2 protein chains.
Amino acid sequence: MDKEKIDKKDHILDVAERVFSEVGFDGASTRMISGEAGVNMAMLNYYFGSKEGLFLAIFERRIATFKTLLVDINSDEHTTAWEKIEKYIEMYVERIFSNNCFQKMLYQELSMGKRGELTDNINKILMINVSEFFKIVQSGIDSGEFRKDVDVQMVTATMYGVKNYIMNTPYVSSVMFGFDIKDEEALNNIFKPRLKNFLKALLKPYLVIEHDHTNK
Amino acid sequence: MDKEKIDKKDHILDVAERVFSEVGFDGASTRMISGEAGVNMAMLNYYFGSKEGLFLAIFERRIATFKTLLVDINSDEHTTAWEKIEKYIEMYVERIFSNNCFQKMLYQELSMGKRGELTDNINKILMINVSEFFKIVQSGIDSGEFRKDVDVQMVTATMYGVKNYIMNTPYVSSVMFGFDIKDEEALNNIFKPRLKNFLKALLKPYLVIEHDHTNK
DNA sequence: CTGAATTAATCAATCGTTTGATTAATTTTG
DNA sequence: CAAAATTAATCAAACGATTGATTAATTCAG
């Protein structure tokens with residue numbers, strides 16, 4: 001059956017994604033991946049051509065879902081720039097927690113010096129997201145809602161950087177935060193809302209020009 | 001001469017540090033390292049015992065200078081908590097730009113799942129720095145200078161995360177910021193002050209309880 | 001001369017990949 | 001439908017290449 005075949009390929013991709021995210025591309029051997037996936041070693045080459053082909057296939061699968069997620073927050077004219085930022089934070093945090101391993105893989109790939117077709121493609125896609133965020137901030141600046149001297153690039157790096165730091169240094173973060181960062185339940189129930197709240201509380205006073213509220 | 005020998009060992013460490021930071025531990029072969037360092041392959045084992053020994057030696061060399069840099073900002077009683085934060089930011093940003101390759105190596109190691117003696121030692125040292133920062137923030141909270149609902153852990157992750165994201169994704173950052181992030185001159189002259197200013201501008205309104213300043 | 005430094009040659013182990021054979025599934029043919 | 005032909009999936013075994021490491025011989029320094 002076709003369904004069986006797709007399921008098996010998908011299973012291999014799942015396992016490989018996790019292994020790659022744990023030990024890196026060079027650290028993961030084809031024997032290790034095939035072993036953990038419970039398939040014969042030759043199947044990797046049979047399905048994906050090569051180890052690198054398998055690596056690329058993981059990205060292709062994820063990237064396919066990437067583009068569709070980019071709903072244009074900017075479309076709604078009746079929301080303030082800050083409300084759009086809040087919406088973006090919500091979306092962003094939700095997304096990164098849904099495909100943890102891939103995020104780690106992605107970041108590892110980006111931090112490597114080698115550049116090729118894959119890296120270029122990834123960068124293009126990431127840039128679409130980044131520029132979308134840029135536009136929101138810029139519109140806030142133009143409308144006078146945000147400060148004029150906001151460092152747009154740095155704000156973006158902040159959003160992505162905080163999350164990457166926490167998720168990609170699991171042991172440090174676990175000690176720092178006092179609970180196991182690998183525990184998915186704790187992540188979703190405690191950490192996700194905490195990250196959202198923090199990003200909002202951090203960025204709001206930096207971005208938004210405060211109005212006179214009557215207290216004090 | 002001893003001096004000669006130390007120089008050569010140091011040279012190997014320099015090269016290995018760069019290579020490891022570029023292609024990772026598994027991606028770097030001993031032949032690659034020895035070749036770029038211009039020494040015979042066997043010298044690596046002669047000096048450092050093994051590839052892993054070389055890796056550890058890089059950390060030992062850096063860590064030796066780590067501890068001394070931890071001057072206690074907390075000592076001065078006459079500075080406000082925010083001024084201590086500013087001083088910490090200054091120190092931190094200066095430091096990370098002085099040993100770029102190692103910072104990348106360090107982060108790669110931390111993001112790997114495997115844990116051993118090295119990782120534990122690194123974590124201990126990092127935690128000393130982190131807890132120092134914690135103390136500053138906490139003292140600010142206790143004195144009423146900072147908000148009571150400040151998320152101390154998240155603030156710390158922000159400081160480290162922004163820098164890591166920018167420096168460890170050189171291509172993305174270069175496109176985002178519009179200049180080559182690998183160019184050391186541009187980094188020092190333009191980027192370093194920009195990062196310092198941003199971190200201060202970002203954290204101040206989040207941490208510090210604003211007083212009535214007379215304007216508007 | 002003696003011990004340390006350096007080299008080329010070599011080692012077993014592991015790497016990613018390929019092979020030829022076998023089984024299972026599908027299509028074609030009469 | 002049933003037998004034959006074809007294709008797809010799976011496997012154990014082996015390939016050449018590269019890995020980190022070691023050896024033994026040679027050079028160098030004091």
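Every chain is numbered from 1, with letters handed out A, B, ... down the list of sequences. On a predicted model such as this, the values are computed, not experimentally measured, just so you know.
- Between the CD1 atom of A/I33 and the P atom of C/dT17 there is a distance of 10 Å, given to the nearest Å.
- In this structure, A/D142 has no salt bridge (charged side-chain N to carboxylate O under 4.0 Å, His left out) partners at least two apart in sequence or on a different chain.
- B/L44 places its CG atom 13 Å from the P atom of D/dT19, with the value rounded to the nearest Å.
- When the side-chain nitrogen and oxygen atoms of A/Y47 are compared with OP1 and OP2 of D/dA8, none of them lie within a distance under 4.0 Å.
- One atom, CG of B/N45, and another, P of D/dA21, lie 5 Å apart when rounded to the nearest Å.
- Taking only side-chain nitrogens and oxygens, A/Y46 never comes nearer than 4.0 Å to OP1 or OP2 of D/dA8.
- Contact between the side-chain N/O atoms of B/K8 and the OP1/OP2 oxygens of C/dT6 is found at a separation under 4.0 Å.
- Under the side chain to side chain donor-acceptor pair (under 3.5 Å) criterion, B/K163 pairs with B/Q103, sequence neighbours left out.
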Ignoring hydrogens and angles, write down the donor-acceptor pairs under 3.5 Å from the side chains of residues 22-37 of chain A, residues two or more places apart or on other chains.
unit_1, atom_1, unit_2, atom_2, d
A/S29, OG, A/M32, N, 3.0
A/S34, OG, A/T30, O, 2.9
A/S34, OG, A/R31, O, 3.1
A/E36, OE1, A/R18, NH1, 3.4
A/E36, OE1, A/R18, NH2, 2.7

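- The side chain to side chain donor-acceptor pair (under 3.5 Å) search around A/D14 returns A/R61, not counting sequence neighbours.
- Side-chain contact of A/T119 with A/E109: a donor-acceptor pair under 3.5 Å is present, judged by distance alone.
- Of the residues in residues 49-59 of chain A, those placing a heavy atom less than 4.0 Å from an atom of DNA chain C are A/S50, A/K51, in numerical order.
- Rounded to a whole Å, the CE atom of B/M43 is 14 Å from the C1' atom of D/dT22.
- The stretch residues 20-29 of chain A touches DNA chain C through A/A28, A/S29, each having a heavy atom under 4.0 angstrom from the strand.
- Remark: A/F59 engages A/F55, A/F102 in a ring-ring contact (aromatic ring centres under 6.0 Å, His included) (not counting sequence neighbours).
- A distance of 13.0 Å separates NZ in B/K84 from CZ in B/F133, rounded to the nearest 0.5 Å.
- Among residues two or more places apart in sequence or in another chain, the ring-ring contact (aromatic ring centres under 6.0 Å, His included) test is passed with B/F146 by none.
- With sequence neighbours left out, B/Y92 forms a ring-ring contact (aromatic ring centres under 6.0 Å, His included) with B/Y160.
- Residue pairs meeting the salt bridge (charged side-chain N to carboxylate O under 4.0 Å, His left out) criterion with at least one member in residues 188-202 of chain B, sequence neighbours excluded: A/D151-B/R194, B/E90-B/K196, B/E90-B/K200, B/E94-B/K192, B/E94-B/K196.
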Distances under 3.5 Å between nitrogen or oxygen atoms of protein and nucleotides 12-17 of chain D:
unit_1, atom_1, unit_2, atom_2, d
D/dA12, OP2, A/N40, ND2, 3.4

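- The salt bridge (charged side-chain N to carboxylate O under 4.0 Å, His left out) pairs that include a residue from residues 165-184 of chain A number zero, where partners must be two or more places apart or lie in different chains.
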